[in-house]
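For clarity, every value in this text was computed on a predicted model and none was experimentally measured.
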Amino acid sequence: MSELIEKCREFGKKRIEIAASLKTPEDWQTKWPANENEFIYKLGPCWTHMIEYYVDDFEAEVGFMTDILGFDTFVADGNMGYCSVTNPDKFFYFSFYKADGKEKIATPGNAIKLCLMVENIEEVTEALEKREIEFERKPAPDMEGSPMLRGIFKTPNGIRLELWGMMSQG
């Protein structure tokens, strides 16, 4: 395994060096090298990817994801302590397990973040606040003059959820 890690490190170093020199979208298209290996995976018919984490308060996370944020339930099993949610188009999936404090330990809130790029971020923010979401950071640009806004709030179990979106032009 150590040989693979070293190989990965070398690939990574080269890409990071190249990335530092890229300034424009055209640079990324023309100067970014092809991957050493091609993507060989045909994604499955039920779901294409899944982000999973563990929570202490399973019931609160289920209610938050479904009845507050409005995600569709893909799978829910209270006996197993597992829930998977998705958007109506089934484009992405978030799943979580009930932590048992032994083998399944709650995911620390700063270990992962769930990010969504949304349209009409100002309207979405207003709607979420009406649903009692408290933003740690209301959507705002990360850099002065940027039209890209980022807002932050947390799930009941402290998992960070970031909303990204373009500032309205009105």
Checklist entry - Which value, rounded to the nearest 0.5 Å, describes the distance between Cys83 atom SG and Glu52 atom CD? => result 11.0 Å
Next on the checklist: Do Thr107 and Val55 have side chains that approach each other closer than 4.5 Å (heavy atoms only, starting at C-beta)?
Outcome noted: no
Checklist entry - Less than 4.0 Å between a side-chain N and a carboxylate O, is that true for Glu162 and Arg160? => result yes
Item to check | side-chain contact (heavy atoms from CB on, under 4.5 Å) assessment of Asn35 paired with Arg15 | outcome: CA-CA 10 Å; Asn35 293 345; Arg15 291 208 177 262; 3.3 Å; yes
Item to check | Backbone N/O of Phe91 and side chain of Asp89: donor-acceptor pair under 3.5 Å | outcome: no
Item to check | Working for ring pair (Phe, Tyr, Trp, His ring centres under 6.0 Å), residues Tyr41 and Phe39 | outcome: CA-CA 6 Å; Tyr41 318 96; Phe39 189 84; 4.9 Å; yes
Checklist entry - Any donor and acceptor pair, going by atom type alone, linking the side chain of Asn87 with main-chain N or O of Lys90 inside 3.5 Å? => result yes
Checklist entry - Got a sec: does the NZ of Lys14 have more than 12 other heavy atoms crowding it under 6.0 Å? => result no
Checklist entry - Would you find more than 12 non-hydrogen atoms of other residues, nucleotides or ligands less than 6.0 Å from Glu6 atom CD? => result yes
Item to check | Verdict with supporting geometry, Ile18 and Trp32, side-chain contact (heavy atoms from CB on, under 4.5 Å) | outcome: CA-CA 7 Å; Ile18 293 167; Trp32 189 253; 3.9 Å; yes
Item to check | Minimum side-chain heavy-atom gap Met65-Thr86 below 4.5 Å | outcome: no
Item to check | Asn120 side chain reached by Ser168 side chain, heavy atoms, under 4.5 Å | outcome: no
Checklist entry - For atom CD of Glu132, is the number of surrounding heavy atoms from other residues, nucleotides or ligands below 6.0 Å larger than 12? => result no
Checklist entry - Is the backbone of Ile159 close enough, under 3.5 Å, to the side chain of Thr155 for a donor and an acceptor to pair up by distance? => result yes
Checklist entry - Is there a side-chain contact between Leu116 and Leu161 (heavy atoms, below 4.5 Å)? => result yes
Checklist entry - How long is the span from the NZ atom in Lys13 to the SG atom in Cys8, to the nearest 0.5 Å? => result 12.5 Å
Checklist entry - Under a 4.5 Å cut-off applied to non-hydrogen side-chain atoms, are Leu128 and Leu69 in contact? => result yes
Next on the checklist: As a quick check of understanding, evaluate side-chain contact (heavy atoms from CB on, under 4.5 Å) for Met50 and Phe94, giving each step before the final call.
Outcome noted: CA-CA 6 Å; Met50 185 86 63; Phe94 299 144; over 6 Å; no
Checklist entry - Any side-chain heavy-atom pair from Trp164 and Met148 closer than 4.5 angstrom? => result yes
Checklist entry - Are Phe71 and Ile51 grouped together when hydrophobic residues (ILVMFWY) are joined by side-chain heavy atoms under 4.5 angstrom apart? => result yes
Item to check | Donor-acceptor contact present, side-chain Asn157 to main-chain Asp56, <3.5 Å | outcome: yes
Item to check | Partner set under ring-ring contact (aromatic ring centres under 6.0 Å, His included) for Phe64, not counting sequence neighbours | outcome: none
Next on the checklist: Take a 6.0 Å sphere around NZ of Lys7 and say whether it holds more than 12 heavy atoms from other residues, nucleotides or ligands.
Outcome noted: no
Checklist entry - So does Lys154 pair up with Glu134, basic N to acidic O under 4.0 Å? => result no
Next on the checklist: Could you check whether any side-chain N or O of Thr125 sits under 3.5 Å from a backbone N or O of Ile121, counting only pairs where one atom can act as donor and the other as acceptor?
Outcome noted: yes
Checklist entry - Would you say Lys102's side chain and Ala99's backbone share a donor-acceptor pair under 3.5 angstrom? => result no
Checklist entry - side-chain contact (heavy atoms from CB on, under 4.5 Å) between Ile133 and Ile68: does it pass, once the steps are laid out? => result CA-CA 8 Å; Ile133 297 291; Ile68 299 298; 3.7 Å; yes
Checklist entry - CZ of Arg150 to CE of Met117: how many Å apart, nearest 0.5 Å? => result 11.5 Å
Next on the checklist: Filter on ring-ring contact (aromatic ring centres under 6.0 Å, His included), then keep only pairs touching residues 97-135, sequence neighbours left out; what's left?
Outcome noted: Tyr54-Tyr97, Tyr82-Tyr97, Phe135-Phe153
Checklist entry - If every non-hydrogen atom of Cys46 is compared with every non-hydrogen atom of Phe74, which pair is closest and at what distance? => result O-CZ, 3.9 Å
Item to check | Reported CD-to-NZ distance for the pair Glu126 and Lys138, which is rounded to 0.5 angstrom | outcome: 9.0 Å
Checklist entry - Any side-chain heavy atom of Leu149 sitting closer than 4.5 Å to one from Pro141? => result yes
Next on the checklist: For the backbone of Ala140 and the side chain of Arg137, can you confirm whether one donor and one acceptor N or O come within less than 3.5 Å of each other?
Outcome noted: yes
Next on the checklist: Quick check: closest heavy atoms across Gly44 and Thr48, and the distance to 0.1 Å?
Outcome noted: O-CG2, 4.3 Å
Checklist entry - Just wondering, do Val62 and Phe96 contact through their side chains at under 4.5 Å, heavy atoms? => result yes
Checklist entry - Taking the side chain from Thr24 and the backbone from Asp27, do they hold a donor-acceptor pair closer than 3.5 Å? => result yes
